[in-house]
Number of protein chains: 2
Amino acid sequence: MCGMFITMKEKPYLTPKQERVLNFIRKRVGERLPPTIREIGEELGFKSTGTVRDYLKVLIQKGLVKRMNSKSRAIELTERASFKIPIIGTIMAGKPNLAYEEIQGYVDADDLFLGRLGFDDVFALRVKGDSMVDAGILDSDIAIIKKRPNADNNDIVAALLDNNEVTLKRLRSKGGKFHLEAANPSYAPIFEEFKVIGKLITVIRKY
Amino acid sequence: MCGMFITMKEKPYLTPKQERVLNFIRKRVGERLPPTIREIGEELGFKSTGTVRDYLKVLIQKGLVKRMNSKSRAIELTERASFKIPIIGTIMAGKPNLAYEEIQGYVDADDLFLGRLGFDDVFALRVKGDSMVDAGILDSDIAIIKKRPNADNNDIVAALLDNNEVTLKRLRSKGGKFHLEAANPSYAPIFEEFKVIGKLITVIRKY
DNA sequence: TGACATACCACACAAATGTGTGGTATGTTC
DNA sequence: GAACATACCACACATTTGTGTGGTATGTCA
């Protein structure tokens, strides 16, 4: 334990309250507009703007947030922001020209992940295991899930099992009853009790 | 030619000046923070806030922009923007709690697609065909490619063939020579001349 | 005990920002 | 010519938002 080398970038320690403030800022920055000081206070239940300023001060000091003085909503996250990627062509449909002039459109996160869904309905899970390989979903892929209490036959869903485990499987109906099926012949179908927590809408894999 | 039905959504006509205002808003929204009315005026050379309000009025009326009254910087584009998605847990690692407090981090486009690569080096292609199914890459997946003139053994690459076709295959070296291999036994390896145009870094699939 | 961090509140004030009214001028359309 | 859109400006005013000072209370560390 002692003498261990720390090679990872240290995450600054945040108290749970500070974490909540940061998470709210993240949410708002991601959703639409960074919040004002008073909006933060309202959300987190602070009755004084001074309290919020105190929190911002520590977040700035810990390097998680930047601000421009005297400008409204001018709160920036130190974490990187998202942006767009050009779609240049379709593979095997001819030679794509890598120049800007040939750009067909842009892939953006919103379009890519969610279509027109809202922020609150969506979350991401990292896939573990090979139970869905035949559906092209591999170990360590990121699954983007839209929260839903139900789904249709053949949808791939995130389901909560009785043992409190969450799993990604294909939903099947047979004779009016639903069960879960892996996309890998070495896994047996699951007939036990489960609860659908969401529907798979996007898979992302990094190499 | 004549009598053709137009099914695309008509883009509202904008005067060049209106276009400039919209573009500035786009730029600011993408970069960091939507502008204030006065910031727009400053950039575009208007000396009156009323002028800017007139422009916003037409942009709103033409459905390109939304606003919240009396809120600073509360200008939204009707076009969709990108944003972040919370990573809440890892599938099969226990029950994820969908509340704010449990957010582990955020997936953002930058992180997801590119790691730390720059914008200019990256483009996207839509995959056609089933030649890579065994690598979990399916028809109509989106392949994010980093431009590179070469790659390593076993990398999946976008390659330009002699017939001007671009294809996604695994790069293999054998006896000092490179060839391309599909990830599907029904496709034969490609030994003909080819040029690597980039390396696969991310796959995205929407359901 | 003193020093310091966390975790708040109240309230005054200043600066930034949005709202609104009333103008001018130049076109185009009917 | 009347009606209307575009393309501006000046300026007062209201509201929102950020700043700053001075508190209270609780806990930890040394």
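Because only heavy atoms are used, hydrogens play no part in the values below, and waters and symmetry mates are left out as well, while side chains stay in.
In the model, A:R73 has a side-chain atom that pairs as donor or acceptor with a side-chain atom of B:S72 under 3.5 Å. Looking only at atom types and distance, the side chain of B:N154 has a donor-acceptor partner in the side chain of B:R172 under 3.5 Å away. Side-chain contact of A:Y55 with A:R53: a donor-acceptor pair under 3.5 Å is absent, judged by distance alone. With no hydrogens or angles considered, a side-chain donor-acceptor pair links A:R26 and A:N23 at under 3.5 Å. Side chains of B:N150 and B:R148: a donor-acceptor N/O pair is present below 3.5 angstrom, by distance only. Side-chain N/O atoms of B:T78 and B:K66 include no donor and acceptor closer than 3.5 Å.
Between the side chain of B:D141 and the main chain of B:R205, no donor-acceptor pair closer than 3.5 Å is present. Looking at A:Q18, its side chain does come within 3.5 Å of a backbone N or O of A:T15 through a donor-acceptor pair.
Rounded to whole Å, atom C1' of D:dT19 lies 15 Å from atom CD1 of A:I40. The CD atom of B:E42 sits 13 Å away from the P atom of C:dG18 (whole-angstrom rounding). Taking atom CG of B:L59 as the reference point, atom P of D:dA5 lies 16 Å away to the nearest angstrom. The CD1 atom of A:I60 sits 12 Å away from the C1' atom of D:dG18 (whole-angstrom rounding). With rounding to whole Å, A:I37 atom CD1 is found 19 Å from C:dA12 atom P.
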* Would B:L200 and B:D155 satisfy side-chain contact (heavy atoms from CB on, under 4.5 Å), going step by step from the backbone distance to the final call? -> CA-CA 8 Å; B:L200 179 68; B:D155 282 350; over 6 Å; no

* A:F178 and A:F194: ring pair (Phe, Tyr, Trp, His ring centres under 6.0 Å), yes or no, with the steps? -> CA-CA 9 Å; A:F178 284 102; A:F194 65 88; 7.7 Å; no

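In terms of phosphate contacts, A:S72 brings a side-chain nitrogen or oxygen within less than 4.0 Å of OP1 or OP2 of C:dT17. Taking only side-chain nitrogens and oxygens, A:R53 comes nearer than 4.0 Å to OP1 or OP2 of D:dT19. When the side-chain nitrogen and oxygen atoms of B:N69 are compared with OP1 and OP2 of C:dT19, one or more of them lie within a distance under 4.0 Å. Between A:K71 and C:dA15, a side-chain N or O to OP1/OP2 separation shorter than 4.0 Å is absent.
Across the helix from C:dT1-D:dA30 to C:dC30-D:dG1, the helix axis at one end is tilted relative to the axis at the other end by 30° (nearest 10 degrees, each axis from five pairs).
The two residues B:I75 and B:V29 have their closest heavy-atom pair at O-CG2, 4.5 Å.
For the pair A:R67 and B:S70, both in contact range of DNA chain D, the more 5′-proximal nearest nucleotide belongs to B:S70.
Using a 4.0 Å heavy-atom cutoff across all strands shown, A:R73 reaches sugar-phosphate atoms only and no base atom.
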* Between protein and nucleotides 6-11 of chain D, map the contacts as a letter string: B base, S sugar-phosphate only, - none, heavy atoms under 4.0 Å, written 5' to 3'. => SSBBBB

* Structure fact -> With B for base contact, S for sugar-phosphate-only contact and - for none (protein heavy atoms under 4.0 Å), nucleotides 24-30 of chain C reads -------

